[in-house]
Amino acid sequence: MTGPDAPDQSRLIDGKYRVLRELARQENVTISEVSAAEGVTRHVAWFDVSTPADRQAFHAYRTVLRTLEPAGLTDVVARPGAFYAVWQPVTGTPLDDVLAQPVKSQETVEAVQALAARLAAHGYALTDADIVMNGHEPQIAYLRPATRTPEDIATLNAPTLAALSGGRVKRRREPGAWLTFVPGLLFLGGAIYLGGQAAQIYLNPPVREVADVAGQEAQDAARKLTAQGFRVQYTEGQSGAREIGQIIRQEPQAGTNLPVGRLVTLTVNNPPSVAVPRVEEMTVDQVKSSLKDGALVLGKVLTVDGTLTNTAKGHVIAQLPQPGSQTQPGQPVQVLVSSGVQGKETWIPDLTGMTYEQAREYARAAGLVVNRVKEQPSDEPANTVLEQVPAPYVRVEVGSPVTLTVATARYAPPTQSAGNLQLPPPYVPPATAEPEAPVTPDPVQPPEETTPEPAPPAATGTVTFDYTFPADLPDGSYSVVVRDDDGQREVMAAMDAGTLRGNVARTDQPIPVNGEAVFVILRDGGDYATVTPLTP
């Protein structure tokens with residue numbers, strides 16, 4: 001292990017353990033021989049905790065140590081910057097020496113098997129522990145941190161358990177064993193008598209009232225019923241009114257008269273396990289809400305300095321059990337909450353152009369908290385950061401809030417289509433009035449010659465308009481005109497963009513034009529798009 005927290009011979013660990021020499025290293029664990037108070041020698045297993053995952057793993061390991069209570073453990077410490085366990089020597093015979101013996105006592109075999117079951121229940125194999133025998137009692141001198149699956153544990157335990165049961169096992173002498181030496185004739189006479197009594201009991205078993213064990217712990221209930229002479233089997237069920245492991249119901253019901261030896265089925269409250277959610281970086285109120293959704297409850301809340309982890313005040317630094325682990329509904333989840341970052345400043349770079357998710361990660365890495373997000377219509381891709389507060393590279397205190405302005409689409413397609421929009425009929429100029437009959441001129445004065453106005457040119461063809469307005473049509477007022485050799489004429493009056501988006505506009509009859517013609521879509525009076533006309 002390297003770094004400022006690595007133990008070495010020139011310093012004290014936690015101000016009270018002086019390192020004498022390094023004994024071994026295992027991944028992020030360094031085991032050192034240290035000198036404690038009054039020259040007592042101990043072994044310290046120092047954990048290099050640099051990530052939340054490392055911290056969670058150590059807390060899980062500490063929980064197992066407190067549950068198993070190893071004989072060699074004298075202290076276990078978990079606080080920011082100091083994660084370690086202290087071990088002392090344990091006298092006794094190493095388990096390997098016991099396994100090599102040709103004859104083993106039944107008490108030793110059963111005790112080691114029981115220890116193997118306890119370790120397996122917490123995810124450890126026998127090989128993960130240094131075990132010594134004190135008489136018939138196995139004791140844990142040291143437990144190495146490990147993560148095992150049930151399959152791994154079974155594979156690792158198999159050689160030890162095989163060696164344990166190998167050779168000859170010296171059976172335990174039960175009280176009253178001297179009766180086995182009663183002369184054979186007396187034994188035979190007793191067997192005849194007891195056999196007759198057994199036949200009588202079998203054919204006419206006594207009837208007893210089934211005790212009420214609802215709400216009791218499963219093992220207590222089973223012992224009570226078996227003491228009455230009944231056989232017991234379990235089945236699993238689920239009830240919110242009972243604690244886990246308690247009896248929900250029994251069959252037959254309590255008070256039933258039942259012959260001795262009959263079966264009683266007990267339904268044990270054992271609901272399916274739930275996954276522990278990730279609550280790190282949340283506030284305590286957010287943790288409560290998140291755990292409530294998963295049928296869990298908030299356990300102990302411990303407050304620690306958040307300076308080393310750059311965690312804002314009131315936010316969770318670590319949790320136990322770990323996120324994603326399985327547990328029973330109603331179980332507590334313990335959290336470490338930051339008391340704030342003391343006297344430390346930070347800054348964030350220019351976040352504009354990043355996605356919101358990227359910007360949030362940058363803020364978290366700097367020890368800041370994104371607590372407000374504003375939306376602003378923009379042509380940038382949705383969720384792109386447009387602005388930020390504080391500004392880039394401005395130094396602020398760790399834990400300060402960050403406000404991000406992110407892009408949203410300027411417009412949205414209409415929720416309901418307006419259908420095809422029929423354009424009004426094309427404009428047709430009024431017919432030229434017929435010239436009035438000429439007036440007879442005064443014979444004295446000759447009539448004045450007049451030049452008649454030329455008639456408008458005749459149309460040379462017809463065209464139709466058919467166009468689908470895009471769903472992302474920019475805001476504005478749109479109209480349609482046709483341009484030909486005679487100029488420009490309006491064929492669709494101005495309409496708002498919200499009405500036109502995603503809809504089709506077409507003429508219901510051909511429009512007469514003169515020469516080359518083209519349709520032009522105007523936006524707020526200016527050219528927006530040109531549409532080639534269709535010839536009928």
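The residues of the chain are indexed from 1 along the displayed sequence.
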| request: Just grab all the salt bridge (charged side-chain N to carboxylate O under 4.0 Å, His left out) pairs involving residues 274-288, residues at least two apart or on different chains. | output: Arg278-Glu280, Glu281-Arg364
| field | Test side chain to side chain donor-acceptor pair (under 3.5 Å) applied to Arg148 - qualifying residues, sequence neighbours left out | value | Asp128
| query | For Thr265 and Gln233, what are the C-alpha separation, side-chain angles and deciding distance, and is it a side-chain hydrogen bond (donor to acceptor under 3.5 Å, both in side chains)? | reply | CA-CA 5 Å; Thr265 302; Gln233 74 173 9; 3.2 Å; yes
| query | Does one side chain, of Glu357 or Asn383, offer a donor that lies under 3.5 Å from an acceptor on the other? | reply | yes
| note | Applied to residues 312-331, the salt bridge (charged side-chain N to carboxylate O under 4.0 Å, His left out) test, sequence neighbours excluded, yields none
| query | Within the side chain of Gln319, is there an N or O that forms a donor-acceptor pair under 3.5 Å with the backbone of Pro321? | reply | yes
| query | Are the side chain of Thr499 and the backbone N or O of Met495 linked by a donor-acceptor pair below 3.5 Å? | reply | no
| query | Using 30° and 60° as the class limits, which term best fits the ring planes of Phe465 and Tyr467: parallel, tilted or perpendicular? | reply | tilted
| task | Return the set of residues passing salt bridge (charged side-chain N to carboxylate O under 4.0 Å, His left out) with Asp152 (not counting sequence neighbours), or none when no residue passes. | result | none
| query | Around Tyr362, counting heavy atoms of other residues, nucleotides and ligands shown, do more than 12 lie under 6.0 Å from its OH? | reply | no
| For Asp524, all residues meeting side chain to side chain donor-acceptor pair (under 3.5 Å), sequence neighbours excluded | none
| said: Strictly by side-chain hydrogen bond (donor to acceptor under 3.5 Å, both in side chains), give each pair with a member in residues 294-306 just once, sequence neighbours left out. | reply: Asp305-Thr307
| said: Surrounding CD of Glu217 (heavy atoms of other residues, nucleotides or ligands, distance under 6.0 Å), is the total greater than 12? | reply: yes
| Could you give all pairs that pass the side-chain hydrogen bond (donor to acceptor under 3.5 Å, both in side chains) test and reach residues 525-534, with sequence neighbours left out? | Arg483-Asp527
| Would you call the rings of Tyr61 and Phe47 parallel, tilted or perpendicular, where under 30° means parallel and over 60° means perpendicular? | tilted
| request: Name all residues meeting the side chain to side chain donor-acceptor pair (under 3.5 Å) criterion together with His315; count only those two or more places apart in sequence or in a different chain, and write none if there are none. | output: none
| said: The criterion is salt bridge (charged side-chain N to carboxylate O under 4.0 Å, His left out); which residues satisfy it with Arg79, sequence neighbours excluded? | reply: Asp14
| query | Got a sec, which pairs hit salt bridge (charged side-chain N to carboxylate O under 4.0 Å, His left out) with one end in residues 391-401, sequence neighbours left out? | reply | Glu345-Arg395
| task | Just jot down the salt bridge (charged side-chain N to carboxylate O under 4.0 Å, His left out) partners of Arg66, sequence neighbours excluded, or say none. | result | none
| Step by step, would you call His59 with Leu336 a side-chain contact (heavy atoms from CB on, under 4.5 Å)? | CA-CA 11 Å; His59 284 296; Leu336 292 178; 3.7 Å; yes
| In terms of side-chain heavy atoms, does Asn514 have a donor or acceptor partner in Asp486 at a distance below 3.5 Å? | yes
| field | Over 12 non-hydrogen atoms of neighbours within 6.0 angstrom of CD in Gln26 | value | yes
| To the nearest 0.5 Å, what is the distance between CD1 (Ile511) and OG1 (Thr462)? | 9.5 Å
| request: With sequence neighbours left out, write down each residue that passes side chain to side chain donor-acceptor pair (under 3.5 Å) with Ser273, or none if nothing qualifies. | output: Gln326
